[in-house]
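Before any comments, here is the structure.
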Amino acid sequence: MDKIYNLIEKIKNIIRSIPKRIKIFIIVVLIIIIAIISISIIIKEENKQKYELYNGSNISEDKYPGYKELIDDLQKSHPNWTFTLFYTKLDWEEVIANEGHSDERITPLNLIPDSSNYPEDWRCEIDKDKRFDNGTWLCASDKAIKHQMDPRNILNEDNIFQFLELKYTEGAQTIEGIKSLTDDSFLAGDSIAGALVEAGKNANVDAYFITSRLIQEQGRSGTVLSRGYEFNDIIVYNPFNIKATGNSSEEILQNAAEYAYEQSWNTIEKALIGGVDFVRTSYIDVGQNTLYLQKFDVVKQEGELYTHQYMQNLLAPKSEASNMKAIYEASGTVDTNLNFIVPLYENMPEEISE
C-alpha cells in the first residue's frame, strides 16, 4: 500500500509542477481527442446495418418509397406473417455497380440463361455474347440485376418467399409438404422426405428450402452428382453442387466431386447432411438467411460484400421461391408464423425497376 501511495503522490507532484498554460493545452487536446472518438463512434453506429421488426409505422416512405403499401397488403392477406426491415445502409446505385460485371472481374457475379425468353438488354454490354459456366449462360446487364434486386418487385404473392427467413418452424414444414414437390423426382419416398425434415430440424434450417435447393441444383431427375459419381475409385455424392465451379462441364463436375471426396460423402445421406450443414455454417450463420441474401451478398457480417454468393444464376432466388411457396401451399402451412426479411437500400428511386 505504501508503494501505491507514494506513486500517487509522485503523480500529483508532477501535475503540480506542469505550468498552467501547458495544463490548459493538454486539456484542450484531450477534449479534441474525445470529440473525434465520439464522432467516429456515432458515424460508425449510423453506418451499421440493423434489423427492426416492422410494426406498420416504422418505415420512412420518403427514404424508402413504395415499400410500406406493399408490405401492408401482404400482412393484411396473411395476418400471421411478420416482416423484419433490414437496413443495409448501402447506396442503391453503388450496390448495382458492384453486382454488375466489369473488366476487372474475370467471371460475372450474375448470369442469365442464353434464351430468347429474356430481353436483349438483359445481356451486359461487356462480354455481351460470351458464354460462361457450361456454355449456356450469359453475363447479366445492370438493368436485369436492378429488376431482380429491387425489393419492390418481390413484395408480392408470387415472389415474397425470396425474403423468407430460412429457419425451421415447428409444424410449418412437413413430410407431406416435401413429398408434394419430390414425387417423381430423385428425392421421392417417405424415407428421404423424413430425412430432409429431420436434417432441417437438427440444423434449424427450413426443410422446404433444403428440398427446393436440391431440386434447383439437380433438377427433378437428378444428375451424376446426386446419383453418384466415381472419383478416385470411390462413388461420391454432392447434391447441393457445392464447389461446382469452372468454365466447362468437366471442370465443374471434377471440382464438385473432389470436394465431395474430401468430405467423405460416399452416400446420398451423408451428402445431404453435410450439404445442409455447409449451407447453414457458410451462409445462414453469417446473416445470409434468405434466398435473396444468398444470391445478393449485401450483408456485412461475414466481412465482405457482393462476392459471397451461393450461385451465379440471377434468376435462382425467384425459381426457388416459387418452389417453396408451392410446398407451403400444398401442405396447408402457408399462413403459419413465417417471417420475411426485407432489405432497404439508401437513395432508392421513386420508380420501381423495370
Side-chain angles (χ1 to χ4, degrees), residues 51 81-84 86 160-182 185-187 190-218 225-226 237-244 259-260 263 265 267-297 299 301-302 308-311 313 316-331 333-334 336-343:
Y51 298 83
W81 288 5
T82 56
F83 295 84
T84 297
F86 171 36
I160 187 59
F161 277 78
Q162 293 183 53
F163 292 155
L164 178 68
E165 184 178 5
L166 301 175
K167 64 180 180 179
Y168 178 81
T169 302
E170 192 71 46
Q173 297 121 37
T174 67
I175 291 176
E176 291 72 23
I178 289 178
K179 287 172 64 178
S180 71
L181 180 66
T182 58
S185 78
F186 76 99
L187 294 171
D190 290 346
S191 61
I192 292 182
L196 288 168
V197 171
E198 191 65 24
K201 184 175 183 179
N202 291 341
N204 192 27
V205 177
D206 189 320
Y208 290 174
F209 153 66
I210 297 170
T211 307
S212 65
R213 174 59 55 84
L214 289 167
I215 296 292
Q216 175 74 27
E217 295 288 349
Q218 300 293 321
L225 287 172
S226 55
Y237 300 80
N238 190 344
F240 285 92
N241 283 352
I242 297 170
K243 303 297 183 181
Y259 183 80
Q263 306 304 312
W265 290 349
T267 68
I268 186 65
E269 290 80 9
K270 288 181 181 180
L272 287 172
I273 294 170
V276 170
D277 188 62
F278 174 88
V279 174
R280 179 182 62 79
T281 57
S282 299
Y283 291 90
I284 293 176
D285 285 355
V286 296
Q288 291 177 270
N289 54 349
T290 70
L291 295 173
Y292 180 97
L293 294 176
Q294 287 184 15
K295 174 66 193 85
F296 306 114
D297 177 16
V299 180
Q301 183 175 329
E302 87 285 355
H308 190 252
Q309 60 177 15
Y310 191 89
M311 71 290 280
N313 181 0
K318 184 175 182 178
S319 175
E320 284 191 77
S322 178
N323 284 335
M324 287 188 66
K325 182 189 177 189
I327 305 177
Y328 273 100
E329 289 178 336
S331 62
T333 58
V334 72
T336 50
N337 299 323
L338 305 177
N339 183 54
F340 300 86
I341 300 174
V342 183

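Computed from a prediction, not measured in an experiment: that's the story for all the values here.
In this structure Phe240 satisfies the ring pair (Phe, Tyr, Trp, His ring centres under 6.0 Å) test with no other residue, sequence neighbours excluded. For the ring pair (Phe, Tyr, Trp, His ring centres under 6.0 Å) test, residues two or more places apart in sequence or in another chain that qualify with Tyr310 are Tyr283.
Here Phe209 contributes atom CZ and Leu166 contributes atom CG; the two are 5.0 Å apart, rounded to the nearest 0.5 Å. Considering OH of Tyr237 and CD of Gln218, their distance stands at 12.5 Å, rounded to 0.5 Å. Atom CE in Met311 sits 4.0 Å away from atom CZ in Arg213 (nearest 0.5 Å). A distance of 6.0 Å separates CG in Leu214 from CG in Leu272, rounded to the nearest 0.5 Å. Atom CG of residue Asp206 and atom CD of residue Gln173 lie 4.0 Å apart, to the nearest 0.5 angstrom. For the atom pair OG (Ser185) and NZ (Lys179), the distance works out to 12.0 Å, reported to the nearest 0.5 Å.
Annotation: Lys325, atom NZ; neighbour count of heavy atoms from other residues, nucleotides and ligands within 6.0 Å is above 12.
Side-chain contact of Asn339 with Thr84: a donor-acceptor pair under 3.5 Å is present, judged by distance alone.
Under the 30°/60° scheme for interplanar angles, the aromatic rings of Tyr51 and Phe86 are found to lie parallel.
Remark: side-chain polar atoms of Ser282 are not paired, donor with acceptor, to backbone N or O of Val279 under 3.5 angstrom.
Each of Tyr292, Phe163, Phe161 was evaluated against Phe340; a single residue qualifies, Phe161, per the ring-ring contact (aromatic ring centres under 6.0 Å, His included) test. Evaluated for a side-chain contact (heavy atoms from CB on, under 4.5 Å) with Trp81, the options Leu164, Ile160, Thr336 yield exactly one hit, Ile160. Tested against Thr211 for a side-chain contact (heavy atoms from CB on, under 4.5 Å), the candidates Ile192, Val197, Leu181, Asn323 yield a single pass: Leu181.
Considering only heavy atoms from C-beta on, Glu320 comes within 4.5 Å of Ser212 through its side chain. When side chains are defined from C-beta on, Lys295 does not count as touching Asn313, because their heavy atoms never get closer than 4.5 Å.
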